[in-house]
Amino acid sequence: MTVTLALIGSLAASAVAQPVTTAEIAKGLADPGSWLTYGGDYGSTRHSPLTQITPANVEQLAARWAFQTAQLGKFEATPIVLNGVIYITGPNNTAWAIDARSGRQLWSYRRDLPDDMDICCGRVNRGFAVLGDRLYMNTLDAHLLAFDMKTGAVLWDVAIDDYKLGYSATSAPLVVKDKIVVGIAGAEYGIRGFIDAYDAVTGKRAWRFWTVPGPGEKGNETWEGDSWKRGGGSTWVTGSYDQALNLIYWGTGNPGPDLYGHDREGDNLYTDSVVALDADSGTIKWHYQFTPHDTHDWDATEVPVLADTVIDGKPRKVLLFANRNGFYYTIDRTNGALLASRPFVKTTWAEKINPDGRPAVRPNTDPTEQGTEVCPDITGGTNFMSPAYNPTTGLLYVTSREVCAVYYGWEQEFVAGEYYFGGAAQRTDRGFGAMRAIDPKTGSVRWEFKYHSPSMGGVLSTASGLVFGGDMDGNAIAFDASTGRHLWHFQTGAAIYSAPTTFMLDGRQWMLVPSGTTLYAFALPPGAVAPARAPARRAPGK
Amino acid sequence: MTRRRIRSAVWLALAVAAMAGVGPRLSAQARTEHESNPLAGNALAIRQGQNIFRGRCAVCHGIDAKGYRGSDLTSGDWVHGGADLQLFRTITTGVPGTEMPASGNLSEDEVWMLITYLRSLSAPGGPAVERGDAARGEQLFWNTNGANCGRCHMVGPRGGRLGPNLTRIGASRSASALEREVRRPGEVIPIGFETITVTTRDGRKIRGLRKNEDTFSVQVMTATEDILSFPKPEATVDPEPQRSLMPAFGPDRLNDSDLADVVRYMRTLRGTR
């Protein structure tokens, strides 16, 4: 018994966290032992400086432990990693703290969700945010929770909005200064979307930005009649933040109803857009709408990636965006101007994006009662799965999907809180997927590696010149970042819906891959790694 | 419409369940308090139901609901029960062991709309009498000098392994769908039975059925029922879309009368799950 208690004491000690500051989050992945925000850094590049795992030795990468959650559903989360502890959220608002060395659980959490909740698109969660000694999580019943990191105890619980009206929340929150910024889901239920910021200490709401403007606000004129009231524009994937410009960049979802547009004539701002918001007030500085008056459910809830690059000899602060509608975009993130655009998958609804930023839409591509075939399909050329950007290769790595669909659309009566889709879509064939490396200067695809099936797995890039991805058939895969050559894979046994993450612990580089509801931890065999200079294991109490 | 009334009835049921503190956790699946279809005969519900059917059901049951890969929904022959509540259950939970999935995110009202639409299609007077002689069809099915279907298809414990198991085929296919599949087997090939040719690095070619495939491997059943696995990209895979390993039984191989007998026999196959 004494031995058992001592072991528990040792594990608990490793969970003692130094309070996380916004300055540390702003350093991104500079601290090799941590992963502190959803996209790795505020630019959501998911590019790690770690170099122990290389193109030369990645072949030896092997699973060291697996954490099985015993839950139904699937992981879509990016874990937070800090001081040897992994914090990850699972389906149905479950969550765990896991000892990174052993894969053993430190604490677990499960929310008692209401029975009358109607969730359209998976009872998933994409992860925690961390600040101080607290974790933050959005819930399916549209609440924001603050947790004590050491125990998993809930410190406060605030309602973001009413789940009975169709609101839900699945994304990881974003910490910006002293605020917790959250997005909302529910555009399949005729909600009116928004982005909220809450005080990190008290949970009091600091500001709300409505993604569908109300009467008297600019943009409301792009909605027919009172259609803005049920206009959608959800915000269910975490955005990015530019500290110098003090702007938050966030993607917005489809207008409602998804596949029927005749009740909402107009561009339907700010749906299917990226919006740039002042981080302190939530006021909009600029927007860029990818798909005006969308009728194909092409949410722009992909991850905006921030990079600094040189285009036509000029240094530019850019925002890189591979969109569900099949086009890739490079945007000037200081003002929203379009710099480059090109399809990265087969795209039939528009010929191109015009220099003014609007798509040249082809006729007869709207859904009809008889059905209209359009590419890409409803899940899109890509989706919520995070891309990664390597500043050395200058390439954006995007999980790409090649699928088309027949879209049906019909008029639908709106009832608050009920499914409001206005149609249906049917894939034309099984399609395929690919990892594609896009050059942001031109939007052209530099290399690709084909997947047997369309994938929903996210991406990780490392400074050693590796790219990691995952496919729908269960493979975690490593590629050469310059050439796309396949270097390693591991069959995890379930479709991968998350991005891999990486960190250093005890002198070893670890890689985490959530797959199905199992979390795998990979590392090189001890012989393949140079010995660490000093034991890195923390003494109890430190 | 009755939407609000239905919804409040559902909420009432949930509240009662919550107060009683019993019962399993409810999933997002639609459930109903009604004993029979509250939208029966409603013209708007028929139209909405048709829309839902086209988007969700037509790929298997055909745009006219007369059956394609799935069963004929216009015949009035409901294998899993034809009462409103039985249809509601079949749509919302699917049929285990068959290709019929649960309806996913359809709401209660949408399920009733679908049923309203399907009722509007049903033949008056119940299922039509099917032609053909089942006993003779059974002989043809198994006889090596007849159609010899048993060479590749199992019924219960008997038969070959190359083709889909037909133990329950009569429950999931209409007569017209079965006739089509015998005459033109390449038109719809189920997953796991697609024809592929695998070429190995040393130039060997193996033609067979794709049992599974991912980015890095492929698993094949050969004509001799051997199951082989090959790594990719060392081996390359050439699919043959719309080409089944099953020969097409044209009128020269199976005349219309014999076909009717074999199909009649297959329609009796509604074996254990």
Side-chain angles (χ1 to χ4, degrees), chain A residues 72 92 112-123 140 164 188 259-260 367 369-371 406-430 432-435 449-453 455 469-475 477 486 489-491, chain B residues 1-8 10-18 21 23-31 44-45 47-60 63 104-111 113 191 194 210 212-218 231-233 237 239 241-242:
Chain A
L72 296 174
N92 279 309
D112 195 14
L113 290 162
D115 286 334
D116 57 346
M117 221 173 47
D118 195 1
I119 304 290
C120 78
C121 313
R123 294 161 80 96
L140 289 164
K164 289 183 179 174
E188 279 64 52
L259 302 191
Y260 184 80
E369 289 214 7
Q370 292 70 40
V406 177
Y407 290 82
Y408 302 88
W410 52 74
E411 192 174 1
Q412 187 175 341
E413 180 194 6
F414 174 72
V415 178
E418 292 199 3
Y419 196 59
Y420 186 55
F421 205 74
Q426 190 74 53
R427 279 193 200 176
T428 53
D429 60 22
R430 64 184 306 282
F432 65 95
M435 174 72 79
F449 180 90
K450 278 187 184 166
Y451 296 147
H452 179 67
S453 308
S455 165
D471 74 13
M472 191 51 95
D473 299 308
N475 293 295
I477 311 171
H486 156 252
H489 70 269
F490 178 90
Q491 173 55 259
Chain B
M1 288 292 289
T2 59
R3 282 170 159 252
R4 285 174 198 282
R5 186 168 57 78
I6 293 172
R7 183 50 62 142
S8 23
V10 172
W11 275 341
L12 180 63
L14 290 169
V16 170
R25 285 180 67 80
L26 298 175
S27 69
Q29 200 168 68
R31 30 192 81 219
L44 182 57
R47 191 163 156 263
Q48 298 277 42
Q50 182 183 37
N51 286 332
I52 297 164
F53 181 87
R54 284 179 177 166
R56 304 287 293 263
C57 319
V59 68
C60 288
I63 195 80
N105 52 19
L106 284 184
S107 70
E108 181 195 1
D109 300 358
E110 287 169 325
V111 177
M113 288 171 189
I191 289 171
E194 299 134 307
R210 172 157 60 194
N212 207 347
E213 184 176 354
D214 73 355
T215 307
F216 300 106
S217 72
V218 60
K232 292 164 59 181
V237 180
Q242 310 278 302

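Chain letters run A, B, ... following the sequence lines, proteins first and then strands; every chain starts at 1. These numbers come from a predicted model, not from an experiment.
Chain B forms the most heavy-atom pairs under 4.5 Å with one residue out of F449(A), W410(A), F432(A), and that residue is W410(A).
Proximity to chain B is limited to the side chain of Q491(A), based on heavy atoms less than 4.5 angstrom apart. When heavy atoms are compared at a cutoff of 4.5 Å, Q426(A) approaches chain B solely by way of its side chain, counted from C-beta outward. For a residue to count as touching a neighbouring chain, one of its non-hydrogen atoms must lie under 4.5 Å from one of that chain's; by this rule Y451(A) touches chain B with backbone and side chain alike. For chain B, no part of Y407(A) is nearby; none of its heavy atoms comes within less than 4.5 Å.
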Evaluate side-chain contact (heavy atoms from CB on, under 4.5 Å) for F216(B) paired with I477(A), printing each intermediate quantity in order. CA-CA 10 Å; F216(B) 300 106; I477(A) 311 171; 3.6 Å; yes

Chi angles and distances behind the salt bridge (charged side-chain N to carboxylate O under 4.0 Å, His left out) call for R47(B), E369(A): CA-CA 11 Å; R47(B) 191 163 156 263; E369(A) 289 214 7; 3.1 Å; yes

Kindly determine whether E418(A) and D109(B) satisfy side-chain contact (heavy atoms from CB on, under 4.5 Å), including the steps that lead there. CA-CA 10 Å; E418(A) 292 199 3; D109(B) 300 358; 3.9 Å; yes

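With sequence neighbours left out, T215(B) forms a side chain to side chain donor-acceptor pair (under 3.5 Å) with D471(A). Qualifying salt bridge (Lys or Arg N to Asp or Glu O under 4.0 Å) partners for R56(B), counting only residues two or more places apart in sequence or in other chains: none.
The OG atom of S217(B) sits 9.0 Å away from atom CG of D473(A), with the distance rounded to the nearest 0.5 Å. Within the model, atoms CD of Q412(A) and CG of N51(B) stand 9.5 Å from one another, a figure rounded to the nearest 0.5 Å. We find the CD-CD distance between Q48(B) and E413(A) to be 8.0 Å, quoted to the nearest 0.5 Å.
Atom CD1 of I63(B) sits in a crowded spot, with more than 12 heavy atoms from other residues, nucleotides or ligands closer than 6.0 Å.
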